[in-house]
Amino acid sequence: MLEQQEDQVTAGSTLARDVALYTVARLAMLVAATGALMLFGVPLLVAAAVAVVLVMPLSMLVFGTLRRRVAVGMAERAAERRARREELRAQLRGDREDEQ
């Protein structure tokens, strides 16, 4: 049981790291695109709006591997939570004895 909890902590920290890295990478790309547009004399708000539209699909291509890691990690986390919830429901119904 302790080993399973350690694996969950490691998986959770890896997922948190991947999500944070993906978020920072997308924001950095947004800032870079906004800055590049401003170099051509585009006003800040217009440059930011255009950069958002450009960066959304571009980041999916450029950071595809990282995006897939985040998606897989989130799917695994959801499956673990679903399994724990079903186990708890089974224990509450009395279908399964508590394993100690």
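Below, each value reflects all heavy atoms present in this structure, side chains not excepted, and no hydrogens, waters or symmetry copies.
- With sequence neighbours excluded, the residues that form a side chain to side chain contact (heavy atoms under 4.5 Å, CB included) with R68 are T65.
- Following chains of ILVMFWY side-chain contacts shorter than 4.5 Å, one can reach M29 starting from L21, so the two form part of one hydrophobic cluster.
- In this structure, the separation between CZ on R89 and CZ on R93 is 8.0 Å, given to the nearest 0.5 Å.
- To the nearest 0.5 Å, atoms OG1 (T23) and CZ (F63) are separated by 11.0 Å.
- At a threshold of 4.5 Å between side-chain heavy atoms, the hydrophobic network of Ile, Leu, Val, Met, Phe, Trp and Tyr places V46 and V52 in two separate groups.
- Here CG of L54 is found 10.0 Å from CG of L30. Values are rounded to the nearest 0.5 Å.
- Hydrophobic cluster membership is shared by V62 and L66, with clusters built from Ile, Leu, Val, Met, Phe, Trp and Tyr side chains linked at under 4.5 angstrom.
- Each of R81, E86, E87 was checked for a side chain to side chain contact (heavy atoms under 4.5 Å, CB included) with R84, and the lone residue meeting it is R81.
- In the hydrophobic clustering of this structure, L44 does not group with L27; members are Ile, Leu, Val, Met, Phe, Trp, Tyr whose side-chain heavy atoms approach within less than 4.5 Å, directly or through other members.
- Nearest heavy-atom pair, V55 versus R26, reported as atom, atom and distance to 0.1 Å: CG1-O, 4.1 Å.
- Side-chain heavy atoms closer than 4.5 Å link hydrophobic residues (I, L, V, M, F, W, Y) into clusters, and following such links, possibly through other members, connects V42 to V50.
- Around atom CG of L39, more than 12 heavy atoms belonging to other residues, nucleotides or ligands sit under 6.0 Å away.
- With rounding to the nearest 0.5 angstrom, the CZ atom of R77 is 11.0 Å from the OG1 atom of T14.
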